[in-house]
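Order of the sequence lines sets the chain letters (A, B, ...), proteins ahead of strands, with each chain counted from 1.
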Amino acid sequence: MDKLQFQKDLIGWFSEEKRDLPWRRTADPYQIWISEIMLQQTRVDTVIPYYKRFIEKFPTLNDLAAADEEVLLKQWEGLGYYSRARNLQAGVREVAENYGGIVPNSRKEISALKGVGPYTAGAVLSIAYGIPEHAVDGNVMRVLSRILLIEEDIAKPKTRKIFEEAVTEIISHEDPSSFNQGLMELGALICTPTSPKCLLCPVREHCAAFHEGKQQDLPIKTKAKKTKAMQYAMLAIRSGETVLVEKRPESGLLANMWQFPMVELTEEILPVEIEEQLSESFRGTVSNAEKITSFKHVFSHLTWNVDGYIANGENLIVPPHMKWVTAEELELLPISGPVQKMKTVLKQRGDV
DNA sequence: AAAACGTGGGG
DNA sequence: TCCCCAAGTTT
């Protein structure tokens, strides 16, 4: 293909048609970094309000470095993949301590930061610093699989390398930022997963798949297997004006997020035995358990089927990862989707 | 290499 | 309802 003409057509289209997004109004490497982390596996429309609030709350790298993790997670609440937030803060703190607050501008250094993988490294380097580094995400693999007629399975980890080498070969050294963003913008607006808008495509003359009518057959991507289901009882245990909450472990699913105490429902633990089970584990009395809701929550790799209960707690000895909170204190704790569902029911009923 | 890791929108 | 997806990284 005509590399220079491709660059010109892509960048020309991008400069005319690019969306006006909040992170495109800044040149601050820190703020661009924030946007790239938030955009991982997450839609632009979802990210926009989070990004705006986040930048208001933590305008500079040092603001985020100094933030309390619980406050940070509260800002991230609802965005998902919460380890992104904690890794981001760890990375920001590394920059504050080891680089004088200046985001490093080499792939080797920036890739060593927590939460910064090959895509994010290239994105920040090219967009914030104008360095011609590849930034290969799902969009780029889809777009280039069509343009270059690459039939490798993009679901395979090793395939990404092929696309990184392709980008390295064709990237504009004059405007690497617009080139990389142009590929992604093209994937988002024109070269979409289903029914690509080839007649509106600024680079269709360069597209091998379009010439062969194969754009609908690319990219090749094997599909994931289905998720497994778990059953839980979620309990809002009340005492006076407070309710019992627990902090999840510092690793794994929903790490460090708060929730109402949960019990996995197995064959052995039937719902009727929950009061007894809890009373014993707390060495106190959990009574009057009443099921008030039932819902399903689907994660990326598993499903929770939750029965929500209210109950009374008396003389409970609670472990260190639990605490009693008022309604006001509850509002400050970062909680996940399923806990949010329970909390909404409780508020509707006037229980909290 | 494969699985873990959230959420909400759209076909 | 179900499935796929959306600017990936970590283990």
- [ ] For A:Leu79, answer base if it contacts any base atom (sugar-phosphate contacts may also be present), sugar-phosphate if it contacts only those atoms, and nothing otherwise; contact means non-hydrogen atoms under 4.0 Å.
- [x] base

Task: Atom-pair distance (NZ on A:Lys156; P on B:dA2), nearest Å - done: 5 Å

- [ ] Determine the contact category for A:Arg248: base if any of its heavy atoms lies under 4.0 Å from a base atom, sugar-phosphate if only primed atoms, P, OP1 or OP2 are that close, otherwise nothing.
- [x] nothing

Open item on the list: Should the side chain of A:Tyr119 and the base of C:dG8 be counted as holding a donor-acceptor pair, with the cut-off at 3.5 Å?
Closed with: no

Open item on the list: Less than 3.5 Å apart, any donor N or O on the side chain of A:Tyr119 or A:Gln40 sitting next to an acceptor on the other?
Closed with: no

Open item on the list: Once you apply a heavy-atom cut-off of 4.0 Å, does A:Val116 come out as touching a base, just sugar-phosphate, or nothing?
Closed with: sugar-phosphate

TODO: Would you mind classifying the nucleic acid contact of A:Gly187 as base, sugar-phosphate or nothing, using non-hydrogen atoms under 4.0 angstrom?
DONE: nothing

TODO: Return yes if the base of B:dG6 and the side-chain atoms of A:Thr42 contain a donor-acceptor N/O pair under 3.5 Å, otherwise no.
DONE: yes

Open item on the list: Distance check, P atoms only: C:dA6 and B:dC5, in whole angstrom units.
Closed with: 23 Å

Open item on the list: By nearest heavy atom, map A:Lys158 and A:Gly337 onto DNA chain B; which one lands nearer the 5' end?
Closed with: A:Lys158

TODO: Select base, sugar-phosphate, or nothing to describe what A:Trp76 touches, counting heavy atoms under 4.0 Å on all strands.
DONE: nothing

Open item on the list: Tell me the interatomic distance from A:Leu253, atom CG, to B:dA3, atom P, rounded to whole angstroms.
Closed with: 17 Å

- [ ] Measure from the side chain of A:Gln40, starting at C-beta and using heavy atoms only, and say which of C:dT9, B:dG6, B:dT7 lies closest.
- [x] C:dT9

TODO: Take A:Asn87 and A:Arg43, find for each the nucleotide of DNA chain C with the closest heavy atom, and name the residue whose nucleotide sits nearer the 5' end.
DONE: A:Arg43

- [ ] Show your working on salt bridge (charged side-chain N to carboxylate O under 4.0 Å, His left out) between A:Lys3 and A:Glu169 and close with a plain yes or no.
- [x] CA-CA 9 Å; A:Lys3 180 167 48 171; A:Glu169 169 64 28; 3.6 Å; yes

Open item on the list: At less than 4.0 Å, is any side-chain N or O atom of A:Arg142 found next to OP1 or OP2 of C:dC5? Yes or no.
Closed with: no

- [ ] Return the value, rounded to whole Å, for the distance between atom CG of A:Asp153 and atom C1' of B:dA1.
- [x] 12 Å

Open item on the list: If I take atom CD1 in residue A:Ile48 and atom C1' in nucleotide B:dG9, what distance separates them, rounded to the nearest angstrom?
Closed with: 14 Å

TODO: Ignoring backbone atoms, establish whether A:Lys221 has a side-chain N or O less than 4.0 Å from OP1 or OP2 of C:dC4.
DONE: no

- [ ] Could you tell me whether A:Ser336 contacts a base, only the sugar-phosphate backbone, or nothing, with contacts defined as non-hydrogen atoms closer than 4.0 Å?
- [x] sugar-phosphate

Task: Spacing of A:Met257 atom CE relative to B:dA4 atom P, expressed in whole Å - done: 20 Å

Task: Rounded distance in Å between the P positions of B:dG6 and C:dT1 - done: 24 Å

Task: Test side-chain hydrogen bond (donor to acceptor under 3.5 Å, both in side chains) applied to A:Ser172 and A:Glu174, step by step - done: CA-CA 5 Å; A:Ser172 164; A:Glu174 191 177 323; 5.4 Å; no

Open item on the list: Taking only side-chain N and O atoms of A:Tyr81, does any of them lie within less than 4.0 angstrom of OP1 or OP2 on C:dA6?
Closed with: no

TODO: Name the nucleic acid region contacted by A:Leu21, choosing base, sugar-phosphate or nothing; use a 4.0 angstrom heavy-atom cut-off, strictly under.
DONE: base

- [ ] For the pair A:Asn305 and A:Gln231, evaluate side-chain hydrogen bond (donor to acceptor under 3.5 Å, both in side chains) and give the outcome as yes or no after the intermediate values.
- [x] CA-CA 5 Å; A:Asn305 292 306; A:Gln231 278 63 237; 2.9 Å; yes

Task: CZ on A:Arg24 to CD on A:Gln181, rounded to 0.5 Å - done: 5.0 Å

Open item on the list: How many whole angstroms separate atom CZ of A:Arg160 from atom P of C:dG8?
Closed with: 12 Å

Open item on the list: What is the distance, to the nearest angstrom, from the NE2 atom on A:His301 to the P atom on C:dT9?
Closed with: 19 Å

TODO: Quick one: label A:Thr120 by what it contacts on the DNA or RNA (base, sugar-phosphate, nothing), any heavy atom closer than 4.0 Å.
DONE: sugar-phosphate

Task: Option among A:Thr293, A:Ile292, A:Val286, A:Ile274 that satisfies the side chain to side chain contact (heavy atoms under 4.5 Å, CB included) test with A:Tyr309 - done: A:Ile274

TODO: Compute whether any side-chain donor of one residue and acceptor of the other, for A:Trp258 and A:Glu70, lie under 3.5 angstrom apart.
DONE: yes

Open item on the list: Go nucleotide by nucleotide along DNA chain C from the 5' end; which of A:Leu39 and A:Lys296 gets its closest nucleotide reached first?
Closed with: A:Lys296

- [ ] Take atom CG of A:Leu254 and atom P of B:dC5, then tell me their distance rounded to the nearest Å.
- [x] 8 Å

